[in-house]
Amino acid sequence: MLETVKNMYERGSSEVKPPVEADSGIASLIEERLARLSPNALQAARAAAVLRRDFTLELVTQTLGTSLLDTVTAWEELEEAQIVSGEAFSHDLVLETVLVQTPPTVRRVLHRSAARVLAAAGGHPARVAAHWEDGDDLRQAAPWLVKAGEAASNNLRFSEAREFYSRAEFALTHAGDLSGAAGVRQSLEVLADRAAKAAS
């Protein structure tokens, strides 16, 4: 309902009407607002959506490779369009719609850029790894998955560590690094032994 009212306001209409298409739903209203954005504002929204909830304007700027002033100008437009509020999306549905509307190639490039930015900023290995995976670069994802597995194991989160190591093994195998995959399998064996001892 809120998105319908926003759409009515932006069109200057005094009459609230639901979307014409029965299956268009709220997403179509958000899509209309996205379609009215300038290219710079749309790209800023896409970068923020890829970074998800814990983005900052500085991280968006670095992910896009633009200037902070350009990002701030684009952000003002996004706030005016009520796509964002402060340094957050106005609603989870807006974030998800931006992601869905981002072309796959653009989304992959943004994920890879986000991975580099977060790695340089000292981001958690799991977050960095996930961006490399979403960017379809499993070779780059593998060492970060191993780091995430080590961090989880050190905190006695064995199930979580097993998941990260398993993803690392898959990534290395898929990338053709069989010796690396074998090393991760050894880490999995050590992890299983630790988990068994902790449970006994």
Self-check item: Polar side-chain atom of T61 near backbone of T66 as donor-acceptor pair, under 3.5 Å
Solution: no

Quiz prompt | Contact summary for A141 and A129, nearest pair of heavy atoms | solution = CB-O, 3.8 Å

Quiz item: Do V94 and Q82 have side-chain heavy atoms sitting under 4.5 Å apart?
Solution: no

Quiz item: In chain order, what residues pass the side chain to side chain contact (heavy atoms under 4.5 Å, CB included) check against S166, with sequence neighbours excluded?
Solution: R162, L188

Quiz item: In terms of side-chain geometry, is the basic nitrogen of R36 or E31 positioned less than 4.0 Å from the acidic oxygen of its partner?
Solution: no

Exercise. Report yes or no: does N155 contribute a side-chain atom to a donor-acceptor pair with the main-chain N or O of A151 at less than 3.5 Å?
Key: yes

Practice problem: Only pairs at least two apart or in different chains count here, so list each ring-ring contact (aromatic ring centres under 6.0 Å, His included) that has a residue in residues 36-70. | Solution: F55-W75, F55-F89

Self-check item: L191 side, atom CG; Q186 side, atom CD - distance, nearest 0.5 Å
Solution: 13.5 Å

Quiz item: Is the backbone N or O of V109 less than 3.5 Å from a side-chain atom of S113, with the two atoms forming a donor-acceptor pair by type?
Solution: no

Quiz item: Listed by chain and number, what are the ring-ring contact (aromatic ring centres under 6.0 Å, His included) partners of H124, not counting sequence neighbours?
Solution: none

Quiz item: Got a sec, which residues hit side chain to side chain contact (heavy atoms under 4.5 Å, CB included) with E76, two or more places apart in sequence or on another chain?
Solution: V72

Self-check item: Distance (rounded to the nearest 0.5 Å) between T173 OG1 and R185 CZ
Solution: 6.0 Å

For residues 39-51, dump all side-chain donor-acceptor pairs below 3.5 Å to protein atoms at least two apart in sequence or in another chain.
residue : atom : partner : partner atom : Å
Q43     : OE1  : R46     : NH1          : 2.8

Quiz item: Is L78 linked to V100 within one hydrophobic cluster, defined over Ile, Leu, Val, Met, Phe, Trp and Tyr using a side-chain heavy-atom separation of less than 4.5 Å?
Solution: no

Practice problem: Could you check L29, T102, I30 and say which one makes a side-chain contact (heavy atoms from CB on, under 4.5 Å) with T97? | Solution: I30

Quiz item: In the hydrophobic clustering that connects Ile, Leu, Val, Met, Phe, Trp and Tyr at side-chain heavy-atom distances below 4.5 Å, which members other than L145 occupy its cluster, ordered by chain and number?
Solution: F164

Quiz item: Where is the tightest heavy-atom contact between A161 and G149, given as atom of each residue plus distance?
Solution: CB-O, 3.4 Å

Quiz item: Going by the ring-ring contact (aromatic ring centres under 6.0 Å, His included) test, which pairs reach into residues 177-200, not counting sequence neighbours?
Solution: none

Exercise. Nearest 0.5 Å please: distance from the CZ atom of R112 over to the CH2 atom of W132.
Key: 7.5 Å

Quiz prompt | Over all atoms of both residues, closest heavy-atom pair of V128 and A119 | solution = CG2-N, 3.8 Å

Practice problem: Starting at CD of E87, measure out to OG1 of T56 and round the result to the nearest 0.5 Å. | Solution: 6.0 Å

Self-check item: Pairwise distance OG1(T63) to NE2(H111) - rounded to 0.5 angstrom
Solution: 10.5 Å

Exercise. Not counting sequence neighbours, list each pair that qualifies as a salt bridge (Lys or Arg N to Asp or Glu O under 4.0 Å) and has a residue in residues 142-157.
Key: R157-E160

Practice problem: Determine whether V190 and L172 fall in the same hydrophobic cluster, where Ile, Leu, Val, Met, Phe, Trp and Tyr are linked whenever their side-chain heavy atoms lie under 4.5 Å apart. | Solution: no

Practice problem: Could you tell me which residues satisfy ring-ring contact (aromatic ring centres under 6.0 Å, His included) with F158, sequence neighbours excluded, listed by chain and number? | Solution: none

Practice problem: Write out all pairs satisfying ring-ring contact (aromatic ring centres under 6.0 Å, His included) with one or both partners inside residues 26-50, taking only residues at least two apart or from two chains. | Solution: none

Quiz item: Any idea which heavy atoms bring L138 and H174 closest together, and the distance?
Solution: CD1-CD2, 3.4 Å

Quiz prompt | L93 with L95, same ILVMFWY side-chain cluster at under 4.5 Å | solution = yes

Exercise. Not counting sequence neighbours, list each pair that qualifies as a side chain to side chain donor-acceptor pair (under 3.5 Å) and has a residue in residues 133-146.
Key: E133-R167

Quiz prompt | Spacing of Q62 atom CD and T71 atom OG1 [to the nearest 0.5 Å] | solution = 9.5 Å

Quiz item: Do you reckon V98 sits in the same ILVMFWY cluster as L57, going by side-chain contacts under 4.5 Å, direct or chained?
Solution: yes

Exercise. May I have all residue pairs that pass ring-ring contact (aromatic ring centres under 6.0 Å, His included) and include part of residues 180-200, sequence neighbours excluded?
Key: none

